[in-house]
Amino acid sequence: MVDLWQGLSQAFWLVITADETLVEIALRSLRITLSALVLACLIALPLAAFLAVRRFRYRRFVIAVLNALMGLPPVVVGLVVYILLSRSGPLGALGLLFTPTAMIIAQMIIIVPLIASIAHQSLRDLWHDYHDLLISMNVTQTQKMMTLLWDARRALLTAALAGFGRGIGEVGAIMIVGGNIDNVTRVLTTAIALETGKGQFSLALALGFVLIALALAVNLAIHGLSRTEREGRW
Amino acid sequence: MVSAVFPLKVSGALTRHKGKVLVGPVDLELDGAGTCVVLGPNGSGKTTLLRMLHGIARLHGGTINWACGTEAARNAQAFVFQQPVMLRRSVLDNLIYPLRLRGVPRHEARQKAGEWAARAGLTGMLEREATVLSGGERQKLALARALMGDPALVFLDEPSASLDGRATREIEEILTTSSAAGTRFILATHDMGQARRLASRVIFLLAGKVHESGPAEAFFAGPITPEARAFLKGDIVE
Ligand SMILES: Nc1ncnc2c1ncn2[C@@H]1O[C@H](COP(=O)(O)OP(=O)(O)OP(=O)(O)O)[C@@H](O)[C@H]1O
Ligand SMILES: [Mg+2]
């Protein structure tokens with residue numbers, strides 16, 4: 001119990017004194033996960049819309065795989081990305097191992113199936129509603145997808161936030177591909193793991209509270225922003 | 001372009017579901033002006049016939065020939081469903097949707113939407129979410145949205161099913177005005193009064209088949225088949 005209180009008060013001090021290392025680590029966490037999130041959405045949302053409107057032979061199979069991949073163990077993703085990016089790996093020449101870019105790639109791989117699966121569920125329901133009308137209007141495949149994505153935007157936001165949550169709290173994969181290098185690839189979660197290992201429980205806890213606060217703040221900010229948007233595009 | 005959709009020639013058209021014939025075989029020729037009313041008891045296949053003609057129910061046999069060809073005909077048509085489909089956006093955005101699909105600039109589409117909203121009695125609701133509208137308002141919105149794109153032919157599936165007397169009259173006024181301006185309607189209903197007011201031609205369906213078809217005056221003056229006669233009198237026909 002003492003540790004919890006100590007952690008909380010230390011977190012408080014770190015925040016109000018805007019501790020330089022803390023700010024740097026937190027911003028890096030945010031930058032990496034938000035980058036991964038944007039890239040993941042660019043892949044997952046069109047994919048989800050495509051799966052909702054298009055009937056093709058292996059559609060069910062693709063959806064089942066996507067759902068299964070939601071439970072992809074981050075450590076395994078980290079390991080695979082590590083092997084791909086390591087010196088002798090197929091992408092070794094890019095020299096990306098132990099860089100933030102490698103961490104973005106790993107997080108992206110982890111959250112794409114999650115976002116795509118959640119998004120697909122709501123787009124599928126919406127498509128069920130819209131099907132007759134859009135078919136009747138003879139809209140193109142792209143227009144169908146755009147219409148669904150636009151009208152389901154609130155549900156998609158939730159999908160994106162779930163992705164963000166998984167990304168920001170993830171440690172297994174980015175530890176492996178990022179290496180937890182001070183000033184380069186150390187983020188909140190890897191710092192927590194490190195401090196815990198060193199027995200610095202209250203510092204670890206402090207970082208944990210900052211992590212939670214950060215996740216909350218991003219969620220609130222995005223929800224706030226989404227309420228201000230007006231008017232459809234179509 | 002407006003009248004080029006007709007004449008329509010349907011021969012042996014048939015649609016099935018799991019081997020069971022839902023509607024057909026239908027042989028039909030539609031020409032001339034005005035509104036064609038499809039009559040028939042519940043489950044007789046009115047909705048299915050309309051969907052088949054529009055091309056959104058699969059055709060399992062026979063042919064449906066529009067004068068201008070299937071693709072052009074399809075783009076010149078609109079469909080108002082028995083349960084209107086509301087896009088999850090504002091009433092205004094619902095109205096302009098068909099025009100935006102065709103790349104009509106937003107301000108132009110908005111102006112037209114304003115006019116149609118006024119005609120359909122939806123003024124003052126433009127900013128509202130379409131999904132909160134009442135059943136009657138939804139039907140009016142669906143009709144206005146269908147007419148926004150200046151279609152040559154509109155399919156209407158029970159357009160006043162959940163409307164009160166006044167709203168029904170508003171809708172019928174819109175139909176009459178548009179009809180006078182050259183828009184053609186194929187309308188399914190089991191509201192006899194409405195059929196008499198709007199029809200220039202009647203198709204009477206029974207158990208998925210065209211039981212009787214012809215000019216409205218002749219049909220209402222005295223249908224040939226006993227089933228149609230019974231239906232007109234308000235008796236139950238099987
Ligand atoms: N997709 C479908 N699968 C199975 N049966 C169907 C399908 N669509 C229609 N039917 C059946 O075909 C018949 C005709 O249906 P339809 O909806 O065309 O009737 P309707 O004349 O429009 O009836 P109502 O007046 O109640 O609207 C009904 O018996 C219905 O159950
Ligand atoms: Mg029906």
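Letters A, B, ... mirror the listed sequences (proteins, then strands); counts begin at 1.
Between N138(A) and E71(B) there is a side-chain heavy-atom pair separated by less than 4.5 Å.
For the pair T147(A) and Y97(B), the tightest heavy-atom approach, listed with the atom from each and the gap, is OG1-OH, 2.7 Å. Closest approach of R74(B) to S136(A), counting heavy atoms only: NE-O, 3.6 Å. The minimum heavy-atom distance between L101(B) and M137(A), with the atom names listed, is CD1-SD, 4.2 Å.
With a 4.5 angstrom heavy-atom cutoff, R102(B) does not touch chain A via any of its atoms. Residue contact with chain A, scored on non-hydrogen atoms closer than 4.5 Å, involves the backbone and the side chain of F79(B) alike.
For the atom pair D93(B) CG and W150(A) CH2, the distance stands at 8.5 Å (nearest 0.5 Å). A distance of 9.5 Å separates CD1 of I135(A) from CZ of R51(B), quoted to the nearest 0.5 Å.
Of the listed residues L134(A), T140(A), D132(A), D129(A), the one with more heavy-atom pairs under 4.5 angstrom with chain B than any other is D132(A).
Counted within 6.0 Å of OH on Y82(A), heavy atoms from surrounding residues, nucleotides or ligands total 12 or fewer; the atom is thus considered open. Other residues, nucleotides and ligands contribute at most 12 non-hydrogen atoms within 6.0 Å of the CD atom of Q83(B). Sparse packing is recorded around OH of Y58(A), with 12 or fewer heavy atoms of other residues, nucleotides or ligands lying under 6.0 Å away. More than 12 heavy atoms of other residues, nucleotides or ligands sit less than 6.0 Å from atom CD of E24(A).
A distance-only check finds no donor-acceptor pair linking the side chain of Y130(A) to the backbone of V85(B) [under 3.5 Å].
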